There are 2 protein chains.
Amino acid sequence: MTIRVIIVDDQAMVRAGFAALLAAQPDIDVVGDAADGRQGVELSRRAHPDVVLMDVRMPEMDGLEAARRLLDPPPGVVHRPKVLMLTTFDVDDYVYEALRAGASGFLLKDAPPADLIAAVRVVAAGEALLAPSVTRRLIADFAARPAPRRNRSVRLNGLTPRETEVLELIARGLSNQEIAARLVLAEQTVKTHIGRVLAKLSLRDRAQAVIFAYESGLVTPGE
Amino acid sequence: MTIRVIIVDDQAMVRAGFAALLAAQPDIDVVGDAADGRQGVELSRRAHPDVVLMDVRMPEMDGLEAARRLLDPPPGVVHRPKVLMLTTFDVDDYVYEALRAGASGFLLKDAPPADLIAAVRVVAAGEALLAPSVTRRLIADFAARPAPRRNRSVRLNGLTPRETEVLELIARGLSNQEIAARLVLAEQTVKTHIGRVLAKLSLRDRAQAVIFAYESGLVTPGE
DNA sequence: CCGGGGGTCATACCCCGGTATCACCCCGGC
DNA sequence: GCCGGGGTGATACCGGGGTATGACCCCCGG
């Protein structure tokens with residue numbers, strides 16, 4: 001089964017070069033190319049490639065926006081290609097945006113041709129691949145990050161399921177009445193639960209409870 | 001300038017195989033090998049290699065602990081090699097620990113020999129490299145993460161400096177009295193500020209204010 | 001010069017939130 | 001059977017938090 005690829009780059013030379021390189025592989029078909037993001041997205045919709053090679057900087061619509069549209073398609077569009085981002089030289093902040101958008105890889109154009117070919121195969125297989133410098137940055141960034149909140153703060157274990165539930169609703173900003181309604185309880189019962197939560201966690205009021213919920217990872221910013 | 005490498009793995013066959021493979025490269029010298037983590041660390045201290053190939057699972061001291069010791073050496077030890085982790089097959093949670101410890105790469109042993117050699121060179125050059133499946137997971141993990149909240153939520157701009165200051169103290173869990181004391185104000189003034197904050201942000205009470213502070217990135221979990 | 005926004009504070013009021021105490025039910029384990 | 005923990009709830013109290021209104025000061029820009 002051959003890998004269907006399209007190339008999106010504003011430089012004709014680059015398109016021609018990559019196309020020649022990839023088309024020479026028995027397992028790779030270049031099924032089209034486009035000169036900017038908008039055309040790229042459109043082409044992808046028609047040609048339904050397995051992999052889209054996407055330059056970052058382009059006129060009309062840049063590679064990031066195009067990638068986002070391909071990877072988070074509007075309702076009705078079922079096709080969802082893998083996206084391999086390419087950049088000419090500098091490893092800038094685009095990387096993060098691209099990865100967040102769901103790109104499967106990020107390569108520098110000055111990488112050896114063999115790497116590009118290998119990358120296409122890797123990406124088509126559902127795996128991911130990054131340029132070494134990008135990998136380094138990503139790892140550094142990852143390591144710097146606090147540690148993925150395996151926290152579930154020890155103290156949180158002291159709470160009963162119900163109490164945890166109430167705590168979470170507090171952390172969502174609900175009033176006692178609202179919590180009572182949500183859980184089908186008397187307001188007083190909610191108060192009782194809250195009282196116990198505050199006592200167990202040595203908190204003064206619901207505001208501190210909200211803080212605790214965030215700090216412990218019970219709830220997380222941005223959903 | 002040749003790359004000095006040591007190999008740490010409990011299987012003699014693996015050590016021999018990798019050593020032969022790498023030693024055949026003109027730019028790579030295998031300057032030693034060890035059968036467990038403890039010996040590996042000791043050897044590294046003596047042989048000061050550029051790159052340490054480290055198996056994850058080993059008796060005595062596993063690769064993760066050994067990597068941590070190499071990458072975060074006790075005072076007095078200046079040498080700090082790059083560490084390239086290897087695992088036999090499964091991509092388990094060790095990956096994250098290894099990366100957090102500061103490893104420069106993570107490869108599967110079933111990777112093509114050429115990849116291993118390339119990886120050693122990449123790592124020696126100060127870059128990083130991961131097995132595609134690891135890369136995929138890392139990206140997925142990265143993308144899942146809230147997004148570095150450079151938000152400073154637009155609405156937050158509507159707040160005056162003083163109001164923002166008060167909001168932050170609320171988000172730290174202080175009471176009105178405490179805030180007044182901290183800012184050398186009358187409690188009533190604090191109330192006034194809070195009232196305006198709540199109004200401007202359409203919040204009901206300080207609990208919701210805390211939520212807003214976290215969601216907007218004004219304050220962040222884990223300091 | 002004057003208007004207005006930011007910052008400060010007082011008085012007054014109300015109610016939600018938090019505390020205390022007690023009580024009932026259900027269930028699982030000793 | 002009894003005990004204890006989890007869950008539920010009522011009554012009662014009070015104090016902090018939030019609201020409303022009005023006032024004064026400072027400073028800056030039109």
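Everything quoted here is computed from the prediction, not taken from an experiment. Sequence lines set the chain letters: A, B, ... in the order given, protein chains first and strands last, and positions in each chain run from 1.
- In terms of the side chain to side chain contact (heavy atoms under 4.5 Å, CB included) criterion, B/A118 has no residue partners (sequence neighbours excluded).
- What you find for B/A171 and A/I211 is that their closest heavy atoms are O-CD1, 3.0 Å.
- For A/H193 and D/dT8, the shortest distance from a side-chain N or O to OP1 or OP2 is below 4.0 Å.
- With sequence neighbours excluded, the residues that form a salt bridge (Lys or Arg N to Asp or Glu O under 4.0 Å) with B/E163 are B/R196, B/K200.
- Using a distance-only test at 3.5 Å, with no hydrogens or angles considered, no donor-acceptor pair links the side chain of B/R38 to the main chain of B/M61.
- Look at A/E97 and A/R100 and you find no salt bridge, because none of the NZ, NE, NH1 or NH2 atoms lies under 4.0 Å from a carboxylate O.
- Under 4.0 angstrom from either OP1 or OP2 of D/dG9 there lies at least one side-chain N or O belonging to A/T189.
- With respect to the salt-bridge test (charged N to carboxylate O, under 4.0 angstrom), the residues A/E65 and A/R68 qualify.
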**Request:** Take B/L130 and A/I139, measure what side chain to side chain contact (heavy atoms under 4.5 Å, CB included) needs, and give me the verdict at the end.
**Result:** CA-CA 10 Å; B/L130 301 175; A/I139 291 179; 3.9 Å; yes
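- Distance B/L159 CG to C/dG5 P: 16 Å, rounded to the nearest Å.
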**Message:** Within the 4.0 Å limit for protein heavy atoms, which parts of nucleotides 24-30 of chain D are touched? Write it as a string from 5' to 3', B for base, S for sugar-phosphate only, - for none.
**Reply:** -------
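- Across the protein-nucleic acid pair, A/E165 atom CD and D/dT8 atom C1' stand 14 Å apart, rounded to whole Å.
- Heavy-atom minimum distance, B/L70 versus B/R80: O-CG, 3.7 Å.
- Between the side chain of A/R4 and the main chain of A/A47, a donor-acceptor pair closer than 3.5 Å is present.
- Contact record, A/V122 with B/P132: CG1-CB, 3.6 Å, taken as the closest heavy-atom pair.
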Give the table of side-chain donor-acceptor pairs shorter than 3.5 Å for residues 177-187 of chain A, with sequence neighbours excluded, one pair per line with atom names and distance.
residue : atom : partner : partner atom : Å
A/E178  : OE1  : A/S175  : N            : 2.8
A/E178  : OE1  : B/R204  : NH2          : 2.8
A/E178  : OE2  : B/R204  : NH1          : 3.1
A/E178  : OE2  : B/R204  : NH2          : 3.4

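- Comparing the axis of the opening five pairs of the helix from C/dC1-D/dG30 to C/dC30-D/dG1 with that of the closing five pairs yields an angle of 30°, rounded to 10°.
- Counting to the nearest Å, the P atom of C/dC16 and the CD1 atom of A/I179 are 14 Å from each other.
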Check nucleotides 17-22 of chain C for protein N or O atoms closer than 3.5 Å to its own N or O atoms and list the pairs.
residue : atom : partner : partner atom : Å
C/dG17  : N7   : A/K191  : NZ           : 3.1
C/dG18  : OP1  : A/R206  : N            : 2.5
C/dG18  : OP2  : A/R206  : NH1          : 2.9
C/dG18  : N7   : A/K191  : NZ           : 3.2
C/dG18  : O6   : A/K191  : NZ           : 2.7
C/dA20  : N6   : A/Q188  : NE2          : 3.4

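- Summarising the geometry, the separation between CZ on B/R162 and C1' on C/dG5 is reported as 16 Å, rounded to the nearest angstrom.
- Distance NZ (B/K200) to P (D/dG18): 17 Å, rounded to an integer number of Å.
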